[in-house]
Chemist: 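Before we start, here is the structure in question, set down as structure tokens.
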Amino acid sequence: GSSPLGAASAWMQTEDPETGAAAQRDPDTMDTFVDSSWYFLRFLSPGDATQAFDPAQAARWAPVDFYIGGVEHAILHLLYARFITKALYDMGHLDFTEPFSSLINQGMVILNGAKMSKSKGNLVLFQEELDAHGADALRVALAFAGPVEDDKDWADVSTTGATKFLSRALRVAHDVSSDPDVIWAEGDPALRRVTHRLLADAPGLVEQTKFNVVVARLMELVNATRKAIDSGPGAADPAVREAAEATAMILDLFAPHVAEEMWEVLGYDGFVGLVTWRQADPMLLVEDSVTTVVQIDGKVRATLDVSARIDAAELERLARADARIVKALGDREVVRAVVRPPKVVSFSTR
């Protein structure tokens, strides 16, 4: 119930300078944010009983790359942490003046449009959510609800939906019937492209804290894998195993318990969280086909699936020959055709 300074009894006992009466000093005069304003330095050498932190370790590891906290927490704590760091720099204990290289203010979880408050009684009891759905589902639901920096209304946080997604991912792992040493390059090219686009994009999305986008892309990959198993090349296809393994690796960021179970089901020992993410194959990132939008006088009348390398003349020929375009044109004359392969064909008529 007292700060460590309160144990210094010789210092605590003093006398009133005006009356000479016995008195005690107050050891609790610093805000709690001040008390915790240098914890990140202690983390670097927690077992050192001779000093608060090892300057050599601070020079090696600090400053911290990202500071993530709510606005209310970050304002005071960040202020004190910066003050302490600058003071320690002036004293020669640190070689940097800013404790954190980047700041991200996370949004709050609100309920029915209002900030949750004990005094208002409008609270969601996370323990009840944990008991009902588990920690993995709660993390996935919160990550998927929106960008880190945005407030999230609890009405948009679907732990039930997250639970169903995790169940689908786990079923995919159970359905994989190929061996771990299968050759992925022999797998279904379409599914492999979905997998490798995620492998290429996920690191950047994580660095940008776009966790909701990563979860959405994981859902797309799981759905594509499910389709490949049920109505495509089948559970034994090497691309299905590759997709399931990539899912487990990336899903570990949000749902470590499910990801570890998937990794074990897929036949591996050790922790998937310690496995380095695989590199995307550049050849699989090249789109074989794209969707072209065909407009007549500014209105979309058709879409075409064409080669990504189609030239303007061929694209215009396909657009003019499409039955939907022929019908929409009727007796009108095309006076101008703007062709931007492979994305857009726009006809102007009279």
Side-chain angles (χ1 to χ4, degrees), residues 144-147 150 153 155-156 158 161 164-165 168 172 185-202 204-205 208 210-235 237-240 242-243 246-247 280-350:
F144 184 59
D150 288 359
D153 196 311
D156 300 325
S158 176
K164 292 179 179 179
F165 159 63
R168 289 198 301 271
V172 163
E186 298 176 356
D188 178 66
L191 179 56
R192 295 201 73 213
R193 278 193 287 272
V194 178
T195 300
H196 283 255
R197 279 197 291 269
L198 178 55
L199 289 173
D201 295 343
L205 291 171
Q208 298 168 44
K210 295 182 178 179
F211 304 133
N212 57 318
V213 180
V214 178
V215 173
R217 296 285 298 277
L218 280 170
M219 291 177 176
E220 292 177 3
L221 179 56
V222 169
N223 289 339
T225 311
R226 182 77 265 162
K227 183 178 180 181
I229 293 173
D230 294 341
S231 59
D237 189 274
V240 170
E242 182 183 34
T247 299
D281 184 345
M283 296 301 295
L284 292 171
L285 303 180
V286 179
E287 294 186 49
D288 288 341
S289 65
V290 295
T291 299
T292 300
V293 173
V294 184
Q295 299 176 334
I296 298 177
D297 296 329
K299 295 183 178 180
V300 176
R301 297 297 186 181
T303 57
L304 307 173
D305 288 330
V306 301
S307 169
R309 292 171 289 280
I310 194 170
D311 61 33
E314 176 64 12
L315 183 57
E316 181 177 352
R317 186 191 70 78
L318 290 175
R320 287 177 178 270
D322 187 86
R324 294 163 294 180
I325 298 302
V326 172
K327 181 179 179 180
L329 283 173
D331 296 332
R332 286 180 291 174
E333 177 188 357
V334 175
V335 296
R336 185 167 180 250
V338 177
V339 184
R340 298 285 186 268
K343 293 292 187 179
V344 176
V345 176
S346 179
F347 294 126
S348 298
T349 68
R350 66 180 176 190

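All residue numbers refer to positions in the sequence shown, counting from 1.
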Chemist: How many angstroms lie between atom OG1 of Thr292 and atom CZ of Arg340, to the nearest 0.5 angstrom?
Modeler: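 If we round to the nearest 0.5 Å, Thr292:OG1 and Arg340:CZ are 13.5 Å apart.
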Chemist: Specify the closest pair of heavy atoms between Asp322 and Ala302, including all atoms of both residues, with the distance to one decimal.
Modeler: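 Where Asp322 meets Ala302 most closely, the heavy atoms are OD2-CB, 4.0 Å.
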Chemist: Hey, is the main chain of Pro233 close enough, under 3.5 Å, to the side chain of Asp188 for a donor-acceptor pair?
Modeler: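 No: the side chain of Asp188 does not pair with the backbone of Pro233.
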Chemist: By the definition side chain to side chain contact (heavy atoms under 4.5 Å, CB included), identify the one residue from Gln295, Arg320, Arg332 that meets it with Phe347.
Modeler: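 It is Arg320, the one option of Gln295, Arg320, Arg332 that forms the side chain to side chain contact (heavy atoms under 4.5 Å, CB included) with Phe347.
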Chemist: With rounding to the nearest 0.5 Å, note down the distance linking CZ in Arg226 to OG in Ser231.
Modeler: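 Rounded to the nearest 0.5 Å, the CZ-OG separation comes out at 9.5 Å.
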Chemist: Can you name the side-chain contact (heavy atoms from CB on, under 4.5 Å) partners of Glu314, sequence neighbours left out?
Modeler: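 For Glu314 the side-chain contact (heavy atoms from CB on, under 4.5 Å) partners, ignoring immediate neighbours, are Ile310, Asp311, Arg317, Leu318.
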Chemist: Tell me, do Val214 and Lys210 make a side-chain contact under 4.5 Å, heavy atoms counted?
Modeler: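 Sidechains of Lys210 and Val214: no contact.
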Chemist: Nearest heavy-atom pair of Pro342 and Ala308: which atoms, and what distance?
Modeler: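 Between these two residues, the closest heavy atoms are CG-O, 3.8 Å.
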Chemist: Salt bridge between Arg197 and Asp201, side-chain N to carboxylate O under 4.0 Å?
Modeler: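 Looking at Asp201 together with Arg197, the answer is no, because their closest N to O distance does not fall below 4.0 Å.
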Chemist: To the closest 0.5 Å, what do you measure between CG (Leu329) and CD1 (Ile296)?
Modeler: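 Answer rounded to 0.5 Å: 4.0 Å.
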Chemist: How far apart are the closest heavy atoms of Ser158 and Gly161, and which atoms are they?
Modeler: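 Answer, listing the atom of Ser158 first, then Gly161: OG-N, 2.9 Å.
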Chemist: Working to the nearest 0.5 Å, report the span between CG of Leu191 and NZ of Lys227.
Modeler: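 Rounded to the nearest 0.5 Å, the CG-NZ separation comes to 11.0 Å.
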Chemist: Keeping the roles fixed (side chain from Arg192, backbone from Pro238), state whether a donor-acceptor pair exists under 3.5 Å.
Modeler: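 Here the side-chain-to-backbone pair does not exist.
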Chemist: Return the CG to CG distance between Leu218 and Leu198, rounded to the nearest 0.5 Å.
Modeler: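 Separation between the atoms: 5.5 Å.
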Chemist: How long is the span from the CG atom in Leu304 to the CD1 atom in Ile325, to the nearest 0.5 Å?
Modeler: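 Rounded to the nearest 0.5 Å, the CG-CD1 separation comes to 7.0 Å.
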Chemist: Ignoring hydrogens, what is the shortest heavy-atom contact between His196 and Leu285? Give both atom names and the distance.
Modeler: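 Here His196 and Leu285 meet closest at O-CD2, 3.4 Å.
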Chemist: For Ala312 and Val339, work out which heavy atoms get closest and say how close.
Modeler: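 Distance-wise, the nearest heavy atoms are O-CG1, 3.7 Å.
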Chemist: With sequence neighbours left out, what residues match Ser348 under side-chain contact (heavy atoms from CB on, under 4.5 Å)?
Modeler: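 Counting only residues at least two positions away or on another chain, Ser348 forms a side-chain contact (heavy atoms from CB on, under 4.5 Å) with Asp297, Val335, Arg336.
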Chemist: Can you list everything that forms a salt bridge (charged side-chain N to carboxylate O under 4.0 Å, His left out) with Glu333? Sequence neighbours excluded, please.
Modeler: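 Expected list: Arg350.
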Chemist: Specify the closest pair of heavy atoms between Val194 and Ala224, including all atoms of both residues, with the distance to one decimal.
Modeler: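 Closest approach of Val194 to Ala224: CG1-CB, 4.3 Å.
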Chemist: How about Val306 and Leu315: do any of their side-chain heavy atoms sit closer than 4.5 Å?
Modeler: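 Val306 vs Leu315: side chains touch.
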